[in-house]
Amino acid sequence: MGALVESVPTIVLGGAGLVMFGMVAATGIRILSGVNFATNRNNLFIVAVSLGMGMIPLVAPNFKQWMPHDLHPLIESGILLASVTAVILNAFFNGTKDATDEIKAAAAMADH
């Protein structure tokens, strides 16, 4: 299997990688198109700050020199920084939905 992968030209792997990352970006755009930015301005703030945090490793690669060494593997990834920032800000600004009625209804349906 390793020999098969090794025999694939670099140009083909590059093209496949380009398509794969393009699909990931398109899926992210599709998900963000369903977000309500007009009436909830916090959503725009969350996306903007999360994208900014995700760009830090690209823009300032030496930013981690002031962080504890144990955190370096976690903060080297812009994807991880952006994801964690988005989850934390969303929980802070938008809170969590109180879905106790929905949970009770789902439990009642599961009993039947």
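All values reported here derive from a predicted model rather than from experimental measurement.
Under the salt bridge (Lys or Arg N to Asp or Glu O under 4.0 Å) criterion, no residue pair touches residues 33-54, with sequence neighbours excluded. Identified under the side chain to side chain donor-acceptor pair (under 3.5 Å) test for residues 19-29, with sequence neighbours left out: none. Within the structure, ring-ring contact (aromatic ring centres under 6.0 Å, His included) pairs that include any residue of residues 4-34 do not occur (at least two apart or interchain). Residue pairs satisfying the salt bridge (Lys or Arg N to Asp or Glu O under 4.0 Å) criterion with at least one member in residues 58-74, sequence neighbours excluded, are listed as follows: K64-E76. Listed by first then second residue, pairs satisfying salt bridge (Lys or Arg N to Asp or Glu O under 4.0 Å) with a partner in residues 13-35 number zero, not counting sequence neighbours. Every pair passing ring-ring contact (aromatic ring centres under 6.0 Å, His included) that includes a residue from residues 49-92 is listed here, sequence neighbours excluded: H69-H72. Contacts classified as salt bridge (Lys or Arg N to Asp or Glu O under 4.0 Å) and involving residues 4-19 (residues at least two apart or in different chains) are not found.
Annotation: the span from F37 atom CZ to L32 atom CG amounts to 5.0 Å, rounded to 0.5 Å.
In terms of the side chain to side chain contact (heavy atoms under 4.5 Å, CB included) criterion, residue partners of V84 (sequence neighbours excluded) are, by chain and number, L80, I88. Every side chain to side chain contact (heavy atoms under 4.5 Å, CB included) that L4 has, sequence neighbours left out, goes to M1, S7. In this structure, V5 has no side chain to side chain contact (heavy atoms under 4.5 Å, CB included) partners at least two apart in sequence or on a different chain.
Criterion: ILVMFWY side-chain heavy atoms under 4.5 Å apart, direct or through other members. Under it, V24 and L81 are not part of a common hydrophobic cluster.
Annotation for I11: atom CD1 does not count as buried by contact number, only 12 or fewer foreign heavy atoms lying within 6.0 Å. Residue-environment remark: CG (L71) exceeds the threshold of 12 foreign heavy atoms within 6.0 Å.
Other residues sharing the hydrophobic cluster of L18, ordered by chain and number and joined by side-chain separations under 4.5 Å: none, the residue standing alone.
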Extract all donor-acceptor atom pairs below 3.5 Å that involve side chains of residues 43-55 and protein atoms in other chains or at least two apart in sequence.
unit_1	atom_1	unit_2	atom_2	d
N43	OD1	N94	ND2	2.9
N43	ND2	N36	O	3.0
S50	OG	I46	O	2.7
S50	OG	A86	N	3.2

